[in-house]
Amino acid sequence: MNYLEEISSFMQQGRAPKVKELVSQALEEGIPAKDILEQGLLAGMSVVGEKFKNNQVYVPEVLIAARAMNAGVLILKPYLTEEGVEATGTVVLGTVKGDLHDIGKNLVKMMMEGKGLNVIDLGVDVAPEKFVEQAVTHNADIIACSALLTTTMGEMKNVVDLVRSKNLDFKIMIGGAPINDNFCKTIGADYYTPDAASAADKALEICAS
Ligand code: B12
């Protein structure tokens, strides 16, 4: 088994110390941080997701796997982001109301901060009113919403409607596993991107324009 397969496997078992050790070793061997994230940690999480869907694992196992994933991500953080870049804009970020998934949101935050953006992280289960209120308070450029459930993605439309009804000019970015470009257009949001790295690139582009 190579490093990436081993990382994926230990992540699925939720063995955080082993994941940390292997991520460090893989970095020392010169394996790019992006590959460790995508082909190691995220690959492992997608296997966990399949098993979860098929009732082969349950919430506690998924949470333990998520903890192992976060432990690995922390080690990768300095390698995935650029240090010392100047703040270029402000993003208010959160997972929408009714939704407690935050692994993807946290990756988006990390990548955005790595591009020098100031990220106000509202956490999970964030109501549309809170997104808007915080964006006004922090004079944000962008409101970024994450959703992982088909039952909560509709909350994104509520955020868009609230922003538009108040004639505010925040750009609205959306993302998360069930979201796509078509949904973005349907609800009238401004931008969708499929992953954290492209989310950070797009946010920087918006703030720079
Ligand atoms: C981990 C997990 C959990 C953990 C969450 C832990 C945590 N702290 O986040 C726990 C165990 C708590 C959990 C609970 C539940 N979960 Co869950 N969970 C998952 C799982 C396995 C992985 C999600 C994940 O973290 N992926 C890794 C991250 C990195 O990916 P991501 O979030 O998609 O993010 C990437 C992109 O989408 C993008 N992105 C993310 N956000 C944003 C935002 C913006 C603005 C942009 C531009 C981009 C972007 O960038 C990220 C990195 O590239 C998925 C399966 C899956 N395949 O997605 C199920 C899944 C999402 N869960 C599911 C379900 C059903 C539930 C529960 C309802 C289960 C239950 N019966 O209790 C509860 C709901 C709780 C709630 N109210 O939210 C279903 C949803 C089905 C559906 N169609 O709606 C899934 C798909 C599993 C399945 N196949 O059945 N879950």
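Numbering of ligands and ligand atoms starts at 1, following listing order.
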Suppose I only count heavy atoms of [X] and a 4.0 Å limit; which atoms of ligand 1 are within that range?
X	value
D195	38 (C), 50 (O), 53 (O)
L42	29 (C)
L107	29 (C), 52 (C)
D99	78 (O)
V62	1 (C), 2 (C), 3 (C), 4 (C), 11 (C)
G175	41 (N), 42 (C), 43 (C), 44 (C), 45 (C), 46 (C), 48 (C), 49 (C)
A177	33 (O), 37 (O)

Starting from [atom], find the nearest protein heavy-atom neighbour and note its residue, name and distance.
atom	answer
atom 59 (C) of ligand 1	F52 CD2, 3.9 Å
atom 80 (C) of ligand 1	L149 CD2, 3.5 Å
atom 72 (O) of ligand 1	V59 CG2, 4.3 Å
atom 6 (C) of ligand 1	L63 CD2, 4.1 Å
atom 23 (C) of ligand 1	L148 CD1, 4.1 Å

Practice prompt. Check the pair L168, V136 against side-chain contact (heavy atoms from CB on, under 4.5 Å), reporting the backbone distance first and the verdict last.
Written response: CA-CA 9 Å; L168 295 164; V136 171; 4.2 Å; yes
Is a side-chain N or O of [X] found less than 3.5 angstrom from the main chain of [Y], in a donor-acceptor match?
X	Y	result
N180	N182	yes
Q134	F131	no
R67	V62	no
T95	V124	no
N106	D102	yes
D99	A147	no
Y192	F183	no

Residues [X] and [Y]: side-chain donor-acceptor under 3.5 angstrom:
X	Y	value
E205	S209	no
N118	T90	yes
S9	Q13	yes

Heteroatom distance test ([X], ligand 1): nitrogen or oxygen, under 3.5 angstrom:
X	value
D102	yes
T150	yes
A196	yes
G98	yes
L100	yes
S146	yes

Fill in: Point-to-point distance, once rounded to the nearest 0.5 Å, from CZ of F10 to CD of E5
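Nearest 0.5 Å value for the CZ-CD distance: 12.5 Å.
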Practice prompt. Mind checking the CD-CG spacing from Q25 to L27? Nearest 0.5 Å is all I need.
Written response: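 The distance works out to 10.5 Å.
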Flag [atom] as yes if some protein heavy-atom distance to it falls below 4.0 Å, otherwise no.
atom	result
atom 48 (C) of ligand 1	yes
atom 1 (C) of ligand 1	yes
atom 67 (C) of ligand 1	no
atom 53 (O) of ligand 1	yes
atom 14 (C) of ligand 1	yes
atom 20 (C) of ligand 1	no
atom 86 (C) of ligand 1	no

With a 4.0 Å heavy-atom cut-off (strictly under), which part of [X] contacts ligand 1: side chain, backbone, both or neither?
X	answer
I179	neither
P194	backbone
V108	side chain

Heavy-atom nearest option to [atom], drawn from [options]:
atom	options	answer
atom 57 (N) of ligand 1	A65, A203, G49	G49
atom 22 (C) of ligand 1	M110, M45, K202	M45
atom 37 (O) of ligand 1	G104, G176, A144, C184	G176
atom 45 (C) of ligand 1	A199, A200, C145	C145
atom 62 (N) of ligand 1	R67, K53, H101	H101

Worksheet item: Quick one: do D201 and K115 make a salt bridge, cutoff under 4.0 Å?
Response: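 Looking at K115 together with D201, the answer is yes, because their closest N to O distance falls below 4.0 Å.
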Practice prompt. Step by step, work out the side-chain contact (heavy atoms from CB on, under 4.5 Å) result for I206 and M173.
Written response: CA-CA 10 Å; I206 298 167; M173 287 183 73; 4.1 Å; yes
Worksheet item: Would you say the side chain of V23 lies within less than 4.5 Å of the side chain of I7, judging by non-hydrogen atoms?
Response: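 Touching, per the 4.5 Å side-chain cut-off.
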Worksheet item: Is any side-chain heavy atom of K77 less than 4.5 Å from a side-chain heavy atom of V73?
Response: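 No, every pair of side-chain atoms sits at 4.5 Å or beyond.
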Worksheet entry | Among T152, N158, T151, side-chain hydrogen bond (donor to acceptor under 3.5 Å, both in side chains) partner for E155 |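 Output: one option passes, namely N158.
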Worksheet item: Of the non-hydrogen atoms in V47 and Q12, which two are nearest, and what is the gap between them?
Response: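 Between these two residues, the closest heavy atoms are CG1-OE1, 3.3 Å.
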